[in-house]
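Data block below; observations after.
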Protein chains: 4
Amino acid sequence: MCRWLAYYGKPIRMDKVLYQGQFSLIDQSLKSRMGAEPTNGDGFGIGWYSTEGTPGVFHSTEPAWNDRNLREISGHIESHLFLAHVRATTGTPVQETNCHPFHYEKWLWMHNGVVGDWLTVKRDLVLAVDPTLYPLIEGTTDSEVLFFLALTLGLEDDPPGAVQRAIGLVEEIGNRHGVKFPFQGTIATTDGERLWAFRYSSEGKSRTLYFSTAYSTLKALYPDDPRLDGFDDESRIVVSEPLGDQAGVWNPVPEASWGVVQPGQDEMHEFRPVAPVAA
Amino acid sequence: MCRWLAYYGKPIRMDKVLYQGQFSLIDQSLKSRMGAEPTNGDGFGIGWYSTEGTPGVFHSTEPAWNDRNLREISGHIESHLFLAHVRATTGTPVQETNCHPFHYEKWLWMHNGVVGDWLTVKRDLVLAVDPTLYPLIEGTTDSEVLFFLALTLGLEDDPPGAVQRAIGLVEEIGNRHGVKFPFQGTIATTDGERLWAFRYSSEGKSRTLYFSTAYSTLKALYPDDPRLDGFDDESRIVVSEPLGDQAGVWNPVPEASWGVVQPGQDEMHEFRPVAPVAA
Amino acid sequence: MCRWLAYYGKPIRMDKVLYQGQFSLIDQSLKSRMGAEPTNGDGFGIGWYSTEGTPGVFHSTEPAWNDRNLREISGHIESHLFLAHVRATTGTPVQETNCHPFHYEKWLWMHNGVVGDWLTVKRDLVLAVDPTLYPLIEGTTDSEVLFFLALTLGLEDDPPGAVQRAIGLVEEIGNRHGVKFPFQGTIATTDGERLWAFRYSSEGKSRTLYFSTAYSTLKALYPDDPRLDGFDDESRIVVSEPLGDQAGVWNPVPEASWGVVQPGQDEMHEFRPVAPVAA
Amino acid sequence: MCRWLAYYGKPIRMDKVLYQGQFSLIDQSLKSRMGAEPTNGDGFGIGWYSTEGTPGVFHSTEPAWNDRNLREISGHIESHLFLAHVRATTGTPVQETNCHPFHYEKWLWMHNGVVGDWLTVKRDLVLAVDPTLYPLIEGTTDSEVLFFLALTLGLEDDPPGAVQRAIGLVEEIGNRHGVKFPFQGTIATTDGERLWAFRYSSEGKSRTLYFSTAYSTLKALYPDDPRLDGFDDESRIVVSEPLGDQAGVWNPVPEASWGVVQPGQDEMHEFRPVAPVAA
């Protein structure tokens with residue numbers, strides 16, 4: 001399916017996070033260890049916040065591993081909050097409008113996983129998108145429609161609630177069409193101030209998700225590791241799979257959970273899809 | 001908006017039609033004389049029938065004028081019926097799934113023009129597509145949705161009727177949304193046996209459309225022109241704008257007309273949109 | 001590095017060779033079993049002979065596995081002789097002019113492997129190309145320069161001799177620069193009438209190369225296999241690695257060998273680089 | 001041929017320079033008024049300096065006018081010194097390695113024009129590049145080889161002298177091959193601290209080049225124009241053709257001149273090619 005990474009913290013040049021580590025995200029585009037398949041070569045994307053309120057986005061249909069523009073751009077932009085995604089399509093075309101992260105005003109969104117039997121449920125799900133948002137859907141992926149469902153269901157006011165309602169709706173419509181496992185995956189979304197991450201699947205066997213250990217703990221563990229120099233107490237990396245094998249650095253997000261990375265204390269909660277109330 | 005060409009007749013190597021003439025279609029990608037704008041550099045596509053029943057399609061997001069693959073492919077395939085299209089987007093993304101001709105089973109479809117105020121009417125028009133066809137929509141253009149509307153409304157059985165119903169529907173939905181001129185353009189479609197072409201606009205000032213004079217007449221006019229060697233009595237070229245300035249070669253299709261190129265006598269008829277009957 | 005396939009024989013629709021088999025070439029673009037690395041996603045190319053004397057070529061920088069144009073084009077062209085190549089770059093840019101097969105007049109050429117320490121020896125090798133051929137070099141790969149060296153050294157008159165001289169020159173220039181193993185790989189080249197394949201490395205541990213068993217033998221082995229229907233006594237497939245695991249189908253080319261597939265009896269010979277004679 | 005723009009001055013978001021003006025550089029990619037041809041759609045590139053010493057570069061083979069990544073990237077990066085180039089190829093392939101600006105360590109280089117009869121003189125010019133620099137040539141354009149000739153002839157120490165020597169060499173080698181007009185064009189190059197621009201042609205009818213009037217003068221002329229808000233006394237824009245028609249803003253660089261934009265007083269001098277001394 002895909003692999004992704006989200007960074008929150010002290011402003012850092014993006015390439016220092018994207019290309020570093022024994023198993024960096026860019027390496028994972030060529031050979032991931034924990035993905036549904038090893039190769040994630042069907043395009044990529046990055047989205048970052050700089051001083052502007054709205055994020056910048058760079059999408060490409062090329063594999064990330066040899067992309068020179070990605071290396072240049074990530075090597076010349078510092079950001080305190082950015083998302084990166086390498087894609088393995090589950091059937092929809094390889095095109096920039098199908099590359100994550102998707103954006104809407106100050107929001108970014110990316111997903112690893114699948115809406116089960118997408119072409120069967122697509123029409124019903126698209127119809128559930130707010131008609132004023134509908135024209136903004138630019139690609140043809142399940143992931144982007146999920147984003148617009150979450151926006152329809154209140155993402156801007158209550159991100160965890162909106163995602164739980166969106167996936168509740170996906171499950172209800174999937175069930176109605178006889179789809180065995182309507183949703184699978186992990187999601188990251190951000191408004192530029194906080195970063196939410198989700199791990200859930202109808203099957204109860206969700207794609208992996210990890211978050212990095214707090215900086216102070218890492219610094220105590222590895223006082224001399226120069227890679228920690230760019231980080232601080234607010235720094236957190238959330239990833240589909242660990243960027244390295246060092247003990248104590250990567251912590252699995254529990255099955256059916258969501259978390260938020262934010263100024264001060266980060267949080268982790270149980271994720272429960274919320275089915276729509278019958279009209 | 002765009003420029004297109006359709007060829008029907010004696011099998012011929014495609015490049016001999018695409019690249020020939022003082023103002024060939026490929027030249028028109030760089031500088032058309034009669035288009036809404038001179039440059040049609042937002043991708044291109046060709047669709048052709050060979051011995052297989054289903055057509056082959058080649059799409060690219062690059063401008064046609066310098067595309068080496070187009071020159072190679074068109075220079076090595078003979079076809080008795082093919083469509084070619086150079087695109088100037090009216091706003092939708094430059095991506096292969098937005099390149100014409102679109103295909104569905106043995107059918108091809110291409111369009112020059114616009115559904116007025118597309119993002120306003122898009123949702124209603126997409127909803128009118130047969131739900132079993134809906135999942136096959138791959139891009140985000142007005143032109144492709146129009147194709148699926150025509151398929152929904154009987155293209156396979158009665159092409160002129162289906163297109164008149166589809167555009168009647170576009171006009172009704174456009175009117176409902178206060179769109180002044182809901183449809184503009186020319187269309188070519190084929191099932192591999194006959195070729196239909198349409199010229200119509202709600203405004204009554206449609207994009208230009210031309211068809212080539214019958215071979216026997218051309219041969220009488222220009223008995224020594226070697227370019228006629230590849231053609232025969234069944235050969236006909238339909239184009240957005242003439243490929244050259246020679247007298248007697250290119251004939252304008254009248255405003256609000258449709259024609260069919262077929263074995264034996266070709267035909268031309270009046271085009272009248274058919275509004276849907278209120279349920 | 002790369003994977004490739006060459007077909008010679010009864011005209012066949014190209015996709016029937018490219019996409020068939022448990023481990024088809026297109027599958028090998030995503031996960032090869034015997035390549036220097038599993039993924040060959042840095043572009044691809046096909047070259048084919050039709051009724052024209054000169055071959056057609058289609059190159060793309062996208063991975064082959066999801067490329068729609070490749071499926072369409074190979075699915076609509078029959079050919080009696082074609083080459084296909086999926087690329088894993090050893091450092092040179094991912095661009096169409098670096099995609100194999102390379103072509104010059106009626107000749108095609110493709111290579112899996114590497115000229116050792118390419119950037120060190122490149123200038124000397126490029127200088128050895130005939131100055132009248134030099135301007136025709138369009139990309140920046142070792143493989144293309146090797147093609148132009150072979151052309152310089154007589155490919156059109158004596159293909160095996162020219163390739164042995166070209167690699168002899170590569171070895172001499174490599175040795176002069178202290179390159180331990182100046183050449184590694186397999187090569188296919190054709191003039192549209194015969195197909196030559198080469199396997200050699202300075203190290204004596206060359207990339208794998210296989211050829212298919214004669215049709216009559218295969219037919220005796222697998223009388224009911226429908227995949228044999230498209231072939232005849234002249235049919236031969238040469239590949240970097242087998243397309244399947246069936247016993248008796250794929251035969252390794254011995255280390256340091258070259259073979260020719262041609263009308264009548266095919267041949268296999270020892271490959272011996274020929275060092276240039278000192279002036 | 002091409003159109004380009006160079007900005008030097010107060011740090012500014014790049015899109016504010018690239019997309020602004022009645023005839024912005026991005027508009028010029030679709031329809032330039034003073035170019036050798038109106039369309040410059042064969043790829044584009046930008047190069048910028050940020051806090052890092054080395055510049056970032058973004059290249060694309062797509063036309064600039066509809067490129068979303070260009071809009072995003074230029075809309076999220078501030079720079080005090082950047083180059084932008086929209087390409088119309090004079091024959092060499094449309095690929096990222098042929099897109100300007102070219103870079104080498106802290107240097108950027110771009111060119112509008114042509115080395116006359118490029119394929120005839122290419123080999124001799126490439127041979128004149130320092131063998132240690134030769135492997136760094138990545139594309140196949142005249143413009144990039146000219147950059148490496150200038151580097152070979154001292155660009156890092158004496159930019160105007162090196163460019164005069166490089167073009168002197170181009171003229172001598174061109175003359176030797178009977179090329180009537182060996183060089184034509186304008187060049188911009190920078191080390192991140194100063195910006196040099198050149199206008200020259202063997203024919204004496206060089207491509208146009210303009211520089212913007214000093215900020216203080218512009219501010220006096222147009223005290224209320226909000227577009228001036230982003231600039232200061234050090235700001236200078238150098239362009240192939242004016243970005244607008246306002247009086248007093250754009251000043252032509254005289255035929256056969258070079259200038260330097262730098263802290264303090266900018267300068268303009270006569271350009272005289274320096275032929276190589278016979279060995």
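Quick note on labels: first sequence line is chain A, next is B, and so on, each numbered from 1. Quick caveat: nothing in here was measured; it's all calculated off a predicted structure.
The contact between B:Val129 and chain A is made entirely by backbone atoms, counting heavy-atom distances below 4.5 Å. Within the 4.5 angstrom heavy-atom criterion, no atom of B:Leu136 approaches chain A. Looking at A:Pro93, only its side chain comes within 4.5 Å of chain B, counting heavy atoms on both sides. At a 4.5 Å heavy-atom cutoff, the contact between A:Thr140 and chain B is made by side-chain atoms alone.
One finds no salt bridge joining A:Glu72 and A:Arg68 here, because no Lys/Arg side-chain nitrogen approaches an Asp/Glu carboxylate oxygen to under 4.0 Å. Between B:Lys180 and B:Asp117 there is no salt bridge, since no side-chain nitrogen of the basic residue lies less than 4.0 Å from a carboxylate oxygen of the acidic one.
Side-chain contact annotation: B:His111 with B:Asp142, donor-acceptor N/O pair under 3.5 Å absent.
Relative to the six-membered ring of B:Phe271, B:Arg199 misses at least one condition, a distance below 6.0 Å or an angle of at most 45° to the axis.
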